[in-house]
Amino acid sequence: MNAAYRINELREQLEYHNRKYYEEDSPEISDYEYDDMLRELETLESEHPELLVPESPTQHVGGSAKPEAGKKIRHDVPMLSLEDKFSREEVVDFVGKMKRELGDPTFIVEPKIDGLSVALRYRDGEFMQGITRGDGINYGEDVTANLKMIKSIPQTLSEKIPYLEVRGEVYMDNEVFEEVNARQEEEGKKIFANPRNCAAGTLRMLNPQVVAERKLSIIIFNLQAVQGKEFKSHAETLDCLSKQGFQVSKYTICRTEDEVWEAICAIDNTRGEFSYGLDGAVIKVDSLSDREKLGTTSKVPRWSIAYKYPPEEKQTKVLHIEVNVGRTGRLTPLAILEPVRLAGTTVSRASLHNQDQIDRLDVRIGDTVIVRKAAEIIPQIMSVIKDKRPDGTSPFIIPDKCPVCGSSAVRETTNEKEGSGILCTNVNCPAQLARLLIHFASRQAMDIDGLGPAVVDALLEKGYIKDLSDIYYLRDRREDLIRDAITGRSSAKKSDTSKSTDKLLAAIERSKDNDIDKLINGFGIRNVGKFAGSLLKNNFADIFSIVNASIEELVRLDGFGEISAKAIIDFFKQKQNIYILERLQNAGVNMKSKAVNSTIDNVLEGSTFVLTGTLPTMTRDEACEMIEKHSGRISGSVSKKTTYLLAGEDAGSKLTKAQGLGIKVLSEDDFMNILK
Ligand SMILES: [Zn+2]
């Protein structure tokens with residue numbers, strides 16, 4: 001492969017994963033895999049310096065400040081990341097280099113917590129402001145209100161220090177994380193990949209109460225700025241911060257490379273004893289004047305490095321391979337493992353994804369396997385130890401019958417190519433119905449509080465629900481639901497059961513008023529997501545005009561792909577689905593688009609808007625609502641079809657593109673003037 005090609009490919013992948021990690025809090029790969037890619041890119045760039053560009057992910061700190069989450073705050077002291085090292089040689093190199101430059105420096109080794117970095121500012125000993133790392137150099141987000149909910153952040157320091165800024169790592173205990181995810185799953189909400197992402201997502205939430213419930217903690221690892229106190233060493237600052245009421249990093253003082261390496265190994269050996277995730281150790285020069293002398297590069301300080309531990313791996317046995325059926329009918333093999341402690345949590349299952357993966361690993365029931373789990377939560381089977389294979393095993397093949405309904409299961413095909421998934425062919429498969437109901441009730445769809453997996457299972461088991469529309473007829477069976485204690489344990493008091501039943505029925509009633517994009521999303525049509533749902537809502541007066549739309553009409557919508565259009569047509573072609581729709585309508589479920597029907601006037605008819613940047617007074621949602629109410633359309637990307645670009649502060653590439661195409665750019669004021 002050509003180096004330039006590979007470099008481009010790596011850059012694209014890294015940017016994608018950066019976005020997933022920093023902006024969406026939902027990484028798809030482990031840090032270890034990410035680091036591997038980054039290192040490959042660094043190596044290629046050093047071999048081909050002519051291909052190095054300033055925009056390369058190797059040249060800047062990952063992530064950007066998310067404008068919509070909180071007010072942007074300028075960093076007084078940059079919150080840099082550290083250069084990562086992966087071997088003893090690299091650590092020894094660093095220590096040697098420091099000795100050459102500084103004589104005989106003292107080093108500090110600290111555990112590196114897998115959390116997210118924030119800076120805390122105190123004035124006259126009072127907590128004043130807390131900000132996230134953001135882009136690390138210029139801006140972070142203001143998350144003060146949420147940080148006030150963290151118990152380990154002192155609101156008042158022991159001493160009235162005129163000004164203090166410290167940096168720490170916010171994290172979530174493994175145990176709390178597992179509780180949060182269990183609750184999320186029960187309520188049909190998003191499952192977090194790992195404690196760090198859960199902590200990051202929590203800290204950006206708009207409701208400080210939830211932050212309090214999720215019990216975040218913080219450990220302080222650096223003094224960023226201070227007035228009214230003098231320090232000579234890092235150790236001294238940590239001791240002082242501890243006296244001020246902070247929970248600070250535990251540190252080891254070292255003088256030689258052997259001592260440094262020993263300290264790193266000592267932390268690694270006790271990783272399992274920490275109640276939170278560690279992803280490495282940090283090695284720092286202790287003397288503050290030495291640090292100043294060494295300074296920083298544009299990306300990292302020269303006086304510190306991070307040593308990253310390899311992901312933890314352990315041997316365990318495959319007790320069984322379970323085949324589950326998902327909402328889309330896909331049969332997914334799941335290895336049931338002999339429970340093993342890995343990276344702070346107990347691992348007892350690992351997805352095998354599909355038949356191809358099973359074949360590649362040749363994993364069989366009874367095999368001893370190596371399981372890996374880095375700080376990430378999804379464990380992976382890496383390989384099979386063939387020497388330990390018991391006699392009489394045979395290759396595992398996913399059955400060609402659905403394990404739930406017994407219908408035939410076939411390989412999926414997309415675009416006439418054979419895919420890797422195996423699907424149950426029965427559209428009324430109960431396994432699919434359970435998942436569909438949970439999805440239907442989830443927040444991004446009809447948002448019915450209390451209709452989680454446990455309740456759905458009970459409703460299906462007792463035969464209260466045969467298809468989606470039955471949800472809206474449960475009100476007629478209130479007494480039965482209470483008798484069968486559908487909403488709770490049968491041991492619960494009857495008064496409690498009727499209370500929770502009424503709560504559920506009320507939530508169902510409320511959901512009838514939702515706009516139609518939520519209903520469309522609730523149907524769980526493949527390839528028709530939230531975005532397609534809102535396009536339909538904005539362009540059709542009601543559900544039945546969507547049912548009657550032709551494929552041409554759908555494809556004509558800006559941003560609506562042919563695959564989604566075809567999926568819509570196929571879905572409403574099925575009699576069963578029309579029957580469900582009619583029953584929903586008879587039960588009083590809203591079928592009219594509120595976006596189209598709440599139009600104030602047609603001032604913006606025929607205009608397509610694209611939004612970018614932060615507007616001075618309006619949120620993005622408010623602006624979108626205004627545009628829709630005046631009959632305008634919204635699109636996600638700038639094209640020749642765009643009429644206006646509504647641009648605020650920090651507009652990005654969309655602005656450049658719009659200017660290039662000669663599209664009219666509006667400020668918030670210009671926009672309001674058009675509406676007058
Ligand atoms: Zn089935």
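Residue indices begin at 1 and follow the sequence shown. Each ligand, and each atom within it, is numbered from 1 in the order the structure gives.
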Q. Do you know how many protein N, O or S atoms are within a distance smaller than 2.8 Å of the Zn ion (ligand 1)?
A. 4
Q: Give a yes or no on whether the backbone of N514 and the side-chain of K594 come within a donor-acceptor separation of less than 3.5 Å.
A: no
Taking the side chain as C-beta and beyond, is there a heavy-atom pair between [X] and [Y] under 4.5 Å?
{"X": "V371", "Y": "L337", "result": "yes"}
{"X": "Y472", "Y": "R583", "result": "no"}
{"X": "F440", "Y": "L519", "result": "yes"}

All N/O donor-acceptor pairs, side-chain side in residues 453-463, below 3.5 Å, sequence neighbours left out:
none

Q.
I need the I397 CD1 to Q355 CD distance, nearest 0.5 Å.
A. 6.0 Å
